[in-house]
Enquirer: 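My structure is below; once you've seen it, I'll send some questions.
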Amino acid sequence: MTYAQVYGQWQADPEGFWLQAAGGIDWVTKPTRALNDSRAPLYEWFTDATVNTCWNAVDRHVIAGRGKQPAIIHDSPVTGTKHVITYAELQDRVARLAGALRAKGIQKGDRVIIYMPMVPEALEAMLACARLGAIHSVVFGGFAASELAVRIDDCTPKAIIAASCGIEPARVVHYKPLLDAAIDMATHKPAFCVIFQREQEVAKLTEGRDVAWHEFQYGVQPADCVPVEGNHPAYILYTSGTTGAPKGVVRPTAGHLVAVNWTMRAIYNCGAGDVFWAASDVGWVVGHSYICYAPLIAGCTTIVYEGKPVGTPDAAAFWRVIAEHKVKSFFTAPTALRAIKRDDPEGKLVPHLPSLQALYLAGERADPDTIHWAQRHLKVPVIDHWWQTETGYAIAANPLGIEALPVKIGSPSVAMPGYDVQVLDEGGHPVSPGTLGAIAIKLPLPPGTLPTLWNAEERFIKSYLAHFPGYYETGDAGYVDADGYLYIMARTDDVINVAGHRLSTGAMEEVLAGHKDVAECAVIGVADDLKGQSPLGFLCLNKGAGRDHAEVVKECVALMREKIGPVADFKRAVVVDRLPKTRSGKILRGTMVKIADNQPWKMPATIDDPAILDEITQALKSLGLARG
Ligand code: COA
Ligand code: AMP
């Protein structure tokens, strides 16, 4: 079948399409219906089914005779180790961990925070929660303690599973002190913490609260898989919103299983026995869907890579992993390729990679230079695809497993079945091809996408459904061409994308506003050759603060690292007298971005005092920006 036929099949009978896709999953109770629209515009999928995610990701493959196949390959250049875990071993390890968690009181519906680096134990912790029907929330290691504390208070976990440390090339990330500080800060206290002690750093356990990963599993009864309802939350993953408070995206169990399993063949052209590698982090949605769940659900071997694209030890690291482990489909962010291209512009370090079928890019706009470089040197299709934490899998892609469509550089290709993507004007009316607008998806969203935000249904409706009734608002702007190819051009909110990491400038402004000498501030994302965007702060100081500007900037950089974490990558700020605003007081961030990036810009008609833009331009020039 062609892509057009498959998409047409879904359009003609969405219910039938997803029930057929549900055939790829082992059910405890089979679904009789796909969509539940009884609370429209809030939708759920497969609500009358019961199922277990861990069973589908692990146990069923052992029963099918794949027990000896590698399930996880841990390749860790930062520790100089490699380790293979077969499906049979994974089943044993996960059942024991789940048994130990159960013995400590973890049950279906309890929340468990996982705070771990790129080690197989992170996946095992996720799967052990899934086995019990406990709801995990993985927190990325590059966040500061206060970000962890916010998540602890929002999802109120009964337990936290953490590693003693993570390894960044230049330093050891001390997880345990961050964990302790976060628990101190949070109002909610977990009943217990499980600490996975790594060789590189053994953490001191807190008596009465902490248990050690190996010891607490000693002698326990392994746990069987607990069936859960189709709409039971599999996990909560926090992502940046427009305010400082992160949004807890809820992933429903059955829809997630059906949809990501479907994508493994349709989009990534992978099935049981194939080796799949997503070079991301378990703390992000790509890591949830394509390091942990989807490849395992499909019976593939997944690679857990603890290293960087460059510097561990060089720009050939990715190619070494692909060649050594015979990776078939490889997924990374454009920023990682830009880092490799910078070190190896001629592609001299790229060997012949016979196993590799295609390279997939997502997380940010894939720039044409990067795509050309990859096409030239890897000699495989380079597939840009577009998705969000909220959806959990691609909204638009080039579905290699169905049909390799012509690649149009700059476009993540076409809408996947399940997604009716529309470009709307401010009034919510679809615009004609080639016209820029807000990208929205006609409701209902397909299975596996977020049904709501954790404990925040009102916020879910306000953030995504209120602006364009009948649609889900993606927060991205762009256009569709005459062939139905999508082009994602910008965000419509204050989210910026730094090295493939989604960050909120609003949250950063809240941090800067907390500095005692800062009266007013703005944060914008300016273009960055390597990371796509880079945050830049403007600070107006309190009258009479009498402070050295460089000192205040230094303190603000340190404050951001302390409050949000190194991942914010906030390294630059500048002190200015005033910020450019509209007459109604709205800061003209968009204009500042255009000036910084040397893009054409017009004086906003509503500006209060045009002279301020000269001051801003001078400030940007002092940072080497606005050179145009
Ligand atoms: N734990 C703790 N700290 C982390 C971290 C983690 N898991 N990941 C990143 N950090 C830190 C880095 O050490 C760095 O700290 P520093 O300010 O002390 O140097 C900071 O966060 C910023 O990191 P990053 O933006 O990743 O920059 P980098 O210079 O270390 O690396 C790249 C640049 C391009 C190589 C890197 O960003 C990269 O590989 N990006 C791909 C991202 C990706 O795959 N995203 C997933 C989306 S699909
Ligand atoms: P996240 O939720 O962290 O996955 O970030 C999602 C956002 O990243 C999207 O809303 C887009 O702004 C951006 N993004 C992801 N993939 C792409 C892509 N292929 N092209 C352009 N932008 C993308």
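In each ligand, atom 1 is the first atom listed, and ligand 1 is the first ligand listed.
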Enquirer: Check the surroundings of atom NZ in Lys328: do more than 12 heavy atoms from other residues, nucleotides or ligands lie under 6.0 Å from it?
Expert: yes

Enquirer: Can you check whether a protein heavy atom sits less than 4.0 angstrom from atom 2 (C) of ligand 1?
Expert: yes

Enquirer: List the closest protein heavy-atom neighbour of atom 40 (N) of ligand 1: residue, atom name, distance to the nearest 0.1 Å.
Expert: Thr335 CG2, 3.6 Å

Enquirer: Between Arg589 and Asp494, does any NZ, NE, NH1 or NH2 come within less than 4.0 Å of an OD or OE carboxylate oxygen?
Expert: no

Enquirer: On the 0 to 90° scale, with breaks at 30° and 60°, tag the Trp284-His501 ring pair as parallel, tilted or perpendicular.
Expert: parallel

Enquirer: Can a non-hydrogen atom of His501 be found less than 4.0 Å from any atom of ligand 1?
Expert: yes

Enquirer: Please classify the Pro309 to ligand 1 contact at 4.0 Å (heavy-atom distances, strictly less than): side chain, backbone, both or neither.
Expert: side chain

Enquirer: Is the closest basic N to carboxylate O distance between Lys571 and Asp569 below 4.0 Å?
Expert: yes

Enquirer: Give a yes or no on whether the ring-centroid distance for Trp454 and Tyr238 is below 6.0 angstrom.
Expert: no

Enquirer: If we count only non-hydrogen protein atoms and require a distance under 4.0 Å, does atom 16 (P) of ligand 1 qualify as touching the protein?
Expert: yes

Enquirer: Which atoms from ligand 1 have a heavy atom of Gly500 less than 4.0 Å away?
Expert: 47 (C)

Enquirer: Short list, please: which atoms of ligand 1 are under 4.0 Å from a heavy atom of Val173?
Expert: 2 (C)

Enquirer: Please could you name the atoms of ligand 1 that Asp569 approaches to less than 4.0 Å, counting only its heavy atoms?
Expert: 22 (C)

Enquirer: For ligand 1, is Lys571 a contact, meaning one of its heavy atoms is under 4.0 Å away?
Expert: yes

Enquirer: N/O to N/O below 3.5 Å, does that happen between Thr332 and ligand 1?
Expert: no

Enquirer: Which ligand 1 atoms does Val567 reach within 4.0 Å, using its non-hydrogen atoms?
Expert: 21 (O)

Enquirer: Would you say Arg572 and Val526 make side-chain contact, with heavy atoms under 4.5 Å?
Expert: yes

Enquirer: Any idea which part of Arg561 is under 4.0 Å from ligand 1, heavy-atom wise: side chain, backbone, both or neither?
Expert: side chain

Enquirer: Below the 3.5 angstrom mark, is there an N/O of Tyr175, backbone or side chain, next to an N/O of ligand 1?
Expert: no

Enquirer: Does the protein put a heavy atom less than 4.0 Å from atom 47 (C) of ligand 1?
Expert: yes

Enquirer: Classify the contact between Ala279 and ligand 1 as side chain, backbone, both or neither, using a heavy-atom distance cut-off of under 4.0 Å.
Expert: backbone

Enquirer: Which ligand 1 atoms does Lys531 reach within 4.0 Å, using its non-hydrogen atoms?
Expert: 24 (P), 25 (O), 27 (O), 28 (P), 29 (O)

Enquirer: Do Leu400 and Tyr360 make a side-chain contact, defined as non-hydrogen atoms from C-beta onward lying under 4.5 Å apart?
Expert: yes

Enquirer: What is the nearest protein non-hydrogen atom to atom 20 (C) of ligand 1, stated with its residue, atom name and distance?
Expert: Pro566 O, 3.3 Å

Enquirer: My understanding is that we take every heavy atom of each candidate and find the minimum distance to atom 45 (N) of ligand 1. Doing that for Gly363, Ala499, Ala568, which one comes out nearest?
Expert: Ala499

Enquirer: Please tell me whether His385 and Tyr268 form a close aromatic pair, meaning their ring centres lie under 6.0 Å apart.
Expert: yes

Enquirer: I'd like to know whether Phe318 forms a ring-ring contact (aromatic ring centres under 6.0 Å, His included) with Phe330, so could you lay out the CA-CA distance, the side-chain angles of the two residues, the decisive distance to 0.1 Å, and finally the verdict.
Expert: CA-CA 9 Å; Phe318 277 7; Phe330 174 49; 5.3 Å; yes

Enquirer: Are Glu201 and Lys176 ion-paired here, with the side-chain N under 4.0 Å from a carboxylate O?
Expert: no

Enquirer: Below 6.0 angstrom between ring centroids: does that apply to Trp386 and Tyr419?
Expert: no

Enquirer: Does the structure place the NZ or CZ of Arg151 under 6.0 Å from the centre of the six-membered ring of Phe143, at an angle of no more than 45° from the ring's axis?
Expert: yes

Enquirer: Note down each nitrogen or oxygen pair, ligand 2 side and protein side, whose separation is under 3.5 Å; give only atom names and the distance to 0.1 Å.
Expert:
residue: ligand 2; atom: 2 (O); partner: Thr389; partner atom: N; Å: 2.8
residue: ligand 2; atom: 2 (O); partner: Thr389; partner atom: OG1; Å: 2.5
residue: ligand 2; atom: 2 (O); partner: Arg502; partner atom: NH1; Å: 2.6
residue: ligand 2; atom: 8 (O); partner: Gly363; partner atom: O; Å: 3.4
residue: ligand 2; atom: 8 (O); partner: Asn497; partner atom: ND2; Å: 3.4
residue: ligand 2; atom: 10 (O); partner: Gln388; partner atom: NE2; Å: 3.0
residue: ligand 2; atom: 10 (O); partner: Asp476; partner atom: OD1; Å: 3.4
residue: ligand 2; atom: 10 (O); partner: Asp476; partner atom: OD2; Å: 2.6
residue: ligand 2; atom: 10 (O); partner: Arg491; partner atom: NH1; Å: 2.7
residue: ligand 2; atom: 12 (O); partner: Asp476; partner atom: OD1; Å: 2.6
residue: ligand 2; atom: 12 (O); partner: Asp476; partner atom: OD2; Å: 3.4
residue: ligand 2; atom: 16 (N); partner: Gly363; partner atom: N; Å: 3.1
residue: ligand 2; atom: 19 (N); partner: Asp384; partner atom: OD1; Å: 2.8
residue: ligand 2; atom: 19 (N); partner: His385; partner atom: O; Å: 2.7
residue: ligand 2; atom: 20 (N); partner: Glu364; partner atom: O; Å: 3.4

Enquirer: So which atom in Ile441 and which in Leu445 form the shortest heavy-atom distance, rounded to 0.1 Å?
Expert: CG2-CD2, 3.6 Å

Enquirer: Using only heavy-atom distances, determine whether the side chains of Tyr464 and Glu390 contain a donor-acceptor pair under 3.5 Å.
Expert: yes

Enquirer: So, for Gln388 and Arg502, which heavy atoms are closest and what is the spacing to 0.1 Å?
Expert: CB-NH1, 4.4 Å

Enquirer: Is there a polar contact between ligand 1 and Trp284, counting only N or O atoms under 3.5 Å apart?
Expert: no

Enquirer: Parallel, tilted or perpendicular, judged at 30° and 60°: which one describes the rings of Tyr293 and Tyr235?
Expert: parallel

Enquirer: Could you tell me whether Glu168 and ligand 1 have an N or O pair separated by under 3.5 Å?
Expert: yes

Enquirer: Can Asp483 and Lys408 be counted as an ion pair, charged N to O under 4.0 angstrom?
Expert: yes

Enquirer: Can you tell me which portion of Phe140 lies within the under-4.0 Å heavy-atom range of ligand 1? Options are side chain, backbone, both, or neither.
Expert: side chain

Enquirer: Suppose we measure from atom 30 (O) of ligand 1 to each protein heavy atom; which comes out shortest, and what is that distance?
Expert: Lys308 NZ, 4.0 Å

Enquirer: For atom 11 (C) of ligand 1, what's the nearest protein heavy-atom neighbour? Residue, atom name and distance, please.
Expert: Arg171 NH2, 3.5 Å

